[in-house]
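Reading through the structure tokens given below for one structure.
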Amino acid sequence: MKNVLILGASGDIGRAIAKQLADEGYQLILHYFKNETSMRQLLEYINEERVLQVLQADLTRDEGAKTLCESVLYQVDGIVYVSGTAHIGLFQDTEEDIMDKMLHLHVKSPWYITQHFLHQMIQKQRGKIIFITSIWGNVGASNEVIYSSVKGAQNSFVRALAKEVGPSGISVNAVSPGFIDTKMNTHLEAAEKAQIISHIPLNRAGMTDDVANAVSFLMSDKSNYIQGEVMNISGGWS
């Protein structure tokens, strides 16, 4: 039985991942920040025997990541980093406070949490670490410069850490979604969504289950020879 810590389990993609892993028999430690209602709805779906802990923490602050790590009461065999938020706007107008929060949430907190649980994974000579990044981390996006930057940092972290801990039997990979049908895209008008979809070879937006399926594969033994990869889940959009 594997215990999996899911950071950002209350978001649309996090919920889909949690549901799928629970259905497949994993034991879950679920983190959320603000969306308590969504977390309650998730817990109504998941068999309570599959949930070890539910933790609330603000990962945009150092204290949040530290408190979370200290609160986990169970061995962690796998980590899925879903926590994240986009920032839309001109780079020249971005305030320093936003920069700091984006860096903490997407870069520093994942560094700290990974470092904390890496010790026990190395001792056991096994573990799975998966980041949910973004297609913008590969190609960049106008008006999402900060978001593109931190997602690119996650991709680099995955590739580098995979080389460092691979000899210890620890798998490190990322799933890089393209245009996924989530609340994060509700700011787009119908015409804007249609225009994006017209550039996707599969001619549809991705679904949260498409991302969850990729995470399920990477968490399983079927992916044991995959290391340091950033797997695009984009329908061919690039």
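The structure displayed is predicted, hence computed values, not measured ones.
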Interatomic distance, Phe131 atom CZ to Ser176 atom OG [nearest 0.5 angstrom]: 13.0 Å

Polar contact flag, side-chain donor to acceptor under 3.5 angstrom, Asp12-Thr208: no

Ser223 side, atom OG; Ile130 side, atom CD1 - distance, nearest 0.5 Å: 7.0 Å

Close side-chain approach of Asp62 and His104, heavy atoms under 4.5 Å: yes

Charged tip of Lys2 within 45° of Tyr26 ring normal and under 6.0 Å: no

Donor-acceptor side-chain pairing of Asp209 and Gln20 below 3.5 angstrom: no

Residue from Val172, Val80, Val175 passing side-chain contact (heavy atoms from CB on, under 4.5 Å) with Leu218: Val175

Validation row: Val82, Leu7 side chains within 4.5 angstrom (heavy atoms): no

Min side-chain heavy-atom separation Met231-Glu229 under 4.5 Å: no

Between Arg15 and Ser38, a side-chain donor and acceptor under 3.5 Å: yes

List the atom pairs, with distances to 0.1 Å, where a side-chain N or O of residues 111-122 and a protein N or O form a donor-acceptor pair under 3.5 Å, not counting sequence neighbours.
| from | atom 1 | to | atom 2 | distance (Å) |
| --- | --- | --- | --- | --- |
| Thr114 | OG1 | Tyr81 | OH | 2.7 |
| Thr114 | OG1 | Pro110 | O | 2.7 |
| Gln120 | OE1 | Val76 | N | 2.8 |

Distance (rounded to the nearest 0.5 Å) between Ser156 OG and Lys151 NZ: 13.0 Å

Full working for salt bridge (Lys or Arg N to Asp or Glu O under 4.0 Å) between Asp77 and Lys124: CA-CA 9 Å; Asp77 303 303; Lys124 294 177 297 180; 2.8 Å; yes

Flag for Ser220-Lys128: side-chain donor and acceptor within less than 3.5 Å: no

Side-chain donor/acceptor of Ser168 to backbone N/O of Ile170, under 3.5 Å: no

Donor-acceptor pair, side chain of Gln53 and main chain of Ile29, under 3.5 angstrom: no

Working for salt bridge (Lys or Arg N to Asp or Glu O under 4.0 Å), residues Asp210 and Arg204: CA-CA 12 Å; Asp210 294 319; Arg204 68 170 176 87; 3.1 Å; yes

Tyr147 and His106, any side-chain heavy atoms less than 4.5 Å apart: yes

4.5 Å side-chain heavy-atom contact, Ile226 and Phe217: yes

CG-CD distance between Leu68 and Glu63, expressed to the nearest 0.5 angstrom: 13.0 Å

Passing option when Leu28 is tested against Leu5, Leu52, Leu42, Ile46 for side-chain contact (heavy atoms from CB on, under 4.5 Å): Ile46

Heavy-atom check, side chain of Gln154 versus side chain of Val150, under 4.5 Å: no

Flag side-chain contact, heavy atom, 4.5 Å: Asn138 against Asn232: yes

For residues 86-99, run the donor-acceptor check on the side chains, cut-off 3.5 Å, and write out each pair with its distance to 0.1 Å, sequence neighbours left out.
| from | atom 1 | to | atom 2 | distance (Å) |
| --- | --- | --- | --- | --- |
| Thr94 | OG1 | Leu90 | O | 3.1 |
| Thr94 | OG1 | Phe91 | O | 3.3 |

Heavy-atom pair of closest approach, residues Gly84 and Leu105: CA-CD2, 3.8 Å

Shared hydrophobic cluster for Val230 and Val215 (ILVMFWY, side-chain gaps under 4.5 Å): no

Close side-chain approach of Val4 to Gln27, heavy-atom, < 4.5 Å: no

Modelled atom types, side-chain donor and acceptor of Ser171 and Asn173, under 3.5 Å: yes

